[in-house]
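Contents: one structure, followed by commentary.
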Number of protein chains: 2
Amino acid sequence: MSPYDPSAFPPFAVTVDLVVLTVRRHALCALVVRRGEQPFQGRWALPGGFVRGDEDLGAAAARELAEETGLCAHDPSAPGVDNGAHLEQLATYGDPQRDPRMRVVSVAHLVLAPDLPAPRAGGDANSARWAPVDELLEGSDRSATVLAFDHARILADGVERARSKIEYSSLATAFCPPEFTVGELRRVYEAVWGVALDPRNFHRKVTGTPGFLVPAGGTTTRQGGRPAQLFRAGGATLLNPPMLRPEV
Amino acid sequence: MSPYDPSAFPPFAVTVDLVVLTVRRHALCALVVRRGEQPFQGRWALPGGFVRGDEDLGAAAARELAEETGLCAHDPSAPGVDNGAHLEQLATYGDPQRDPRMRVVSVAHLVLAPDLPAPRAGGDANSARWAPVDELLEGSDRSATVLAFDHARILADGVERARSKIEYSSLATAFCPPEFTVGELRRVYEAVWGVALDPRNFHRKVTGTPGFLVPAGGTTTRQGGRPAQLFRAGGATLLNPPMLRPEV
DNA sequence: CCAAAAGTGTTGCTCGTACACCCATGT
DNA sequence: ACATGGGTGTACGAGCAACACTTTTGG
């Protein structure tokens, strides 16, 4: 079998789908767009689109993200400064039946973003919104799901990746604005994991991990109570020892 | 843009590449095949091939694995019993320039297998062999690498995945035969991590983790010394607390 | 007897947890 | 004054590292 012969392999459409997560009002939320056409017309779906002929996968994901949200994401596989959200490849979904129209292989990407103003609709989507992942994944075993295609599965995988990755990396700061307090960071962990954490021990833990947080200089009272010190994300990306997620 | 219109998106070739790892003679080894044609003719490459038109990605990886090694791998995303190697999706590589002939998106998969008899060559490969990953990755930063395409990068990602995943899962047993001793399992960890572990503490740790190992009943002296108890892999897949990898 | 590998005991230390307690602001 | 959230002190316990030590085979 010669790889030069175009008849020797079947052609595929390749897309990127985006799991864009943020924390709003103490809940983990995902960006979804309403489908304007068949199939699944009127249902919610993850944002995404076709990869262009001369475009890398991460670049396609970043482009789609910018089109949908205006976010300028940083792909850590490319050198550069993190000037916005975190973007990483999640997994690839290629079930022959996942799209009834044709054979589509979708390379899903995960984006972690700070809380944003209302998303703007783009492309062929009627509208876009942030939805709590709990609602989107409700009864997604067996029963009919609110999401189109296999997007409930993709979203679940993305949420699971985010939940485990903030354990051993500093990625939780990607959910925060450039300057944030220890309490705000703790509420991110609580929202993503869906648990309550001890504020005192959390404070000791994150401030005691070298390179996790660096003082930004100021204080704020935007949460009420005693003024809290402001921090930025430090240079460290891996947390050793990790944050421990409480049992069930 | 209508997704129905075939001219609206560029066609891609989709392949699977396999990072097949095993432990031989205290070294972590990967399966490589010699390329029989251009480009990179005569160089070593990871086994792989085109995904068929009606085939899921995991099924394509399992088929290629069987063609190359005769292994019957278990894809944990499908229900069933682990009757051989462990197989999981690794990552997807789609740089437009990664294959000089055409646009190829490759979905890499990771396979962990017990030590096997000499692999058999298959497909368009002249020959296949197990090579220590240290040799394959030697000087793979900047300098010319022994592996074709971007396979050094894919292999490095697979090795890194395996190294981190045996920390918090029972996957190290996938490198062992069905029945194995605690010492053999320890030598797997030592080979994959490239460190020496305390045999006493390791023994306590793995036998004390519920569900990690179940006694198989017999003993063996195939390693010399006092007879060692034989174990099988238990039902547990996640280790809590994890195995701790010693600092560099 | 000796080497080699298996398996157990014990001690000290690190770190997480579960509190009690004080600090600095807004109302 | 009091509520609210920020930040520190401390005691208990789980679990890991670093040993010494015994057990059971082969040569």
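Residue numbers begin at 1 in each chain, while the letters A, B, ... track the order of the sequences. In this text the structure is predicted, and so the values were computed from the model without any measurement.
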Pair up each side-chain donor or acceptor in residues 233-245 of chain A with any protein partner under 3.5 Å, not counting sequence neighbours, and list the distances.
{"from": "A:R245", "atom 1": "NE", "to": "A:E167", "atom 2": "OE2", "distance (Å)": "3.3"}
{"from": "A:R245", "atom 1": "NH2", "to": "A:E167", "atom 2": "OE2", "distance (Å)": "3.2"}

Side-chain donor-acceptor contact under 3.5 Å, B:Y93 with B:D157
yes
For A:W44, which residues count as a ring pair (Phe, Tyr, Trp, His ring centres under 6.0 Å) partner, sequence neighbours excluded?
none
Roughly how bent is the helix from C:dC1-D:dG27 to C:dT27-D:dA1 end to end, in steps of 10 degrees, with each end axis from five pairs?
0°
For B:F202 together with B:Y189, are the ring centres under 6.0 Å from each other?
yes
Nucleotide C:dT10, atom C1' - distance to CG of B:D198 in whole Å:
13 Å
Using a cut-off of under 3.5 Å, enumerate the N/O to N/O pairs linking the protein to nucleotides 24-27 of chain C.
none

For A:L197 and C:dA18, give me the distance from atom CG to atom P, rounded to whole Å.
11 Å
Please state how far atom CG in B:L230 lies from atom C1' in C:dA5, giving the value in whole angstrom units.
14 Å
Nearest-Å distance, CD (B:E247) to P (D:dA17)?
10 Å
Distances under 3.5 Å only, N/O to N/O: pair up the protein atoms with those of nucleotides 11-13 of chain D.
none

Close residues, residues 199-220 of chain B, relative to DNA chain D [heavy-atom separation under 4.0 Å]:
B:R200, B:N201, B:R204, B:K205
